[in-house]
Amino acid sequence: MNKRTLAIAAAIGATTIYGLNHTIAKAVMPAFVQPLGFIMLRVIGAAFLFWLISLIGPKEKIEKKDYLRMLLCAVLGMGFNMLVFFKGLSLSTPINSSVLVTTTPIIVLILSAILIKEKISTRKIVGIAIGLLGALGLILFSTEIRQDAPNIPLGNFLILLNSVFYGSYLIIAKTLIAKYHPFTFMKWLFTLGILICLPFGYQEFIEIDFVNLPLEAIWRIAFVILGTTFCTYLFNIFALTQLKASTLSAFVYIQPLIGIIYAISTGQDTLTTVKIVAASLVLLGVYLASKKPTLPQSGRTL
């Protein structure tokens, strides 16, 4: 198997883990772990793993001029991003979550236009409008009443807010990612994430009954720490060594499909007309917003 095939397998693996995560993480909250306490488990576990693996990586120091940018990346990417996502997931449903997180490319486009004055084509504007229309549909017209999803509209809004924080993180982190080795970058980001999340998640973290956690909860927590947080990052880094970023980003379309199939097959969620229409609008919007323009043919065979 060549490296490109392995890279494609890694990208599919990362997307699959993300898709499964919506249902797997949801099943732990709030019966065994509260959402903000779960985030503490995630950042502590990931920080430990990245510090451990960094032992085989290059020994780099963060330059003083990058301290503020690193802190801002941690606040957006390892703090607020995770906090609002898990809180939103605890209030909403796996299908809503798996659909709404795919709005990230749209959010990145909007923020790029605002923050770095990137030009947006008419097609991309249409895509943004259609995608946000689908996201708003899930927020405003989700009328389900479920015991494990006590406030679906608020949960959907928080999950959409997660995309805003994560999209901001991607833009701000771009220069640091190019400058530092991934292991260096992530070990410090998750270490700062512990300090940032501590005031919000400390109380829920100490309320976790570790001694009496059932095996079902333990493997789900381990999946989130090892799979969703640690492995997916390594998979994506390897995939980027062989694939273009635009190629890798296309795998975002698989995530809601996997999330929906797994949620329905495990009985943790059901499809409704609102979800189908909203998901279709979101995916169409993401496709239009992220599709590169077709170059005119030169008439030459290359």
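Along the sequence shown, residues are numbered consecutively beginning with 1.
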Hydrophobic cluster identity match, [X] and [Y], side-chain contacts under 4.5 Å:
{"X": "I44", "Y": "F50", "value": "yes"}
{"X": "L215", "Y": "L226", "value": "no"}
{"X": "V84", "Y": "L195", "value": "no"}
{"X": "L257", "Y": "I260", "value": "no"}
{"X": "I261", "Y": "I12", "value": "no"}

Here's a test for you: under side chain to side chain contact (heavy atoms under 4.5 Å, CB included), which of [options] qualifies with [X]?
{"X": "S168", "options": "L72, L76, N81, I107", "result": "L76"}
{"X": "V33", "options": "I39, I208, D209, V224", "result": "I208"}
{"X": "L158", "options": "N151, L91, L100", "result": "L91"}

N/O donor-acceptor pair under 3.5 Å between [X] side chain and [Y] backbone:
{"X": "S90", "Y": "K87", "value": "yes"}
{"X": "Q34", "Y": "E204", "value": "no"}
{"X": "T266", "Y": "A263", "value": "yes"}
{"X": "S97", "Y": "T93", "value": "no"}
{"X": "N21", "Y": "I17", "value": "no"}

Looking only at non-hydrogen atoms, find the nearest pair between [X] and [Y] and report the distance.
{"X": "S54", "Y": "K59", "answer": "O-NZ, 3.9 Å"}
{"X": "K179", "Y": "E60", "answer": "O-OE2, 4.3 Å"}
{"X": "F183", "Y": "G57", "answer": "CD1-CA, 4.2 Å"}
{"X": "P256", "Y": "S98", "answer": "CB-O, 3.7 Å"}
{"X": "A10", "Y": "F235", "answer": "O-CB, 3.5 Å"}
{"X": "R69", "Y": "I172", "answer": "NH1-O, 2.7 Å"}

What verdict does the side-chain contact (heavy atoms from CB on, under 4.5 Å) test give for F223 and L20, after you've listed the backbone C-alpha separation in whole Å, the side-chain angles of each residue and the deciding distance to 0.1 Å? CA-CA 10 Å; F223 178 90; L20 299 177; 4.1 Å; yes

Could you give the distance from [atom1] ([X]) to [atom2] ([Y]), rounded to the nearest 0.5 Å?
{"X": "L189", "Y": "L176", "atom1": "CG", "atom2": "CG", "value": "8.5 Å"}
{"X": "F230", "Y": "T232", "atom1": "CZ", "atom2": "OG1", "value": "10.0 Å"}
{"X": "T191", "Y": "M70", "atom1": "OG1", "atom2": "CE", "value": "10.0 Å"}
{"X": "L132", "Y": "L160", "atom1": "CG", "atom2": "CG", "value": "7.0 Å"}
{"X": "L49", "Y": "M186", "atom1": "CG", "atom2": "CE", "value": "11.5 Å"}
{"X": "Y233", "Y": "T228", "atom1": "OH", "atom2": "OG1", "value": "16.0 Å"}

side-chain contact (heavy atoms from CB on, under 4.5 Å) between L89 and M29, intermediate numbers included: CA-CA 9 Å; L89 180 58; M29 304 178 292; 3.9 Å; yes

Which pairs count as ring-ring contact (aromatic ring centres under 6.0 Å, His included) when at least one residue sits in residues 91-137, sequence neighbours excluded? none

Is there side-chain contact between [X] and [Y], with heavy atoms separated by less than 4.5 Å?
{"X": "T272", "Y": "I276", "result": "no"}
{"X": "F80", "Y": "F200", "result": "yes"}
{"X": "K275", "Y": "N96", "result": "yes"}
{"X": "I95", "Y": "I264", "result": "yes"}

Run the side-chain contact (heavy atoms from CB on, under 4.5 Å) check on V101 and F85 step by step: do they pass? CA-CA 9 Å; V101 295; F85 174 74; 3.7 Å; yes

With a sphere of 6.0 Å drawn around [atom1] of [X], does it hold more than 12 non-hydrogen atoms of other residues, nucleotides or ligands?
{"X": "Y166", "atom1": "OH", "answer": "no"}
{"X": "Y202", "atom1": "OH", "answer": "no"}
{"X": "F165", "atom1": "CZ", "answer": "yes"}
{"X": "F48", "atom1": "CZ", "answer": "no"}

Pair T103, S163 - check side-chain hydrogen bond (donor to acceptor under 3.5 Å, both in side chains), show working. CA-CA 7 Å; T103 60; S163 292; 3.2 Å; yes

Side-chain donor-acceptor contact under 3.5 Å, Q268 with H22: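 No - no donor-acceptor pair under 3.5 Å links their side chains.
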
Determine whether the aromatic ring centres of F38 and F86 lie less than 6.0 Å apart.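 Here the rings of F86 and F38 have centres that are less than 6.0 Å from each other.
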
Using a strict threshold of under 4.0 Å (side-chain N to carboxylate O), is an ion pair present between D269 and K26? no

Test log, rule side-chain contact (heavy atoms from CB on, under 4.5 Å), inputs Y180 and D66: CA-CA 11 Å; Y180 297 104; D66 293 327; 2.6 Å; yes

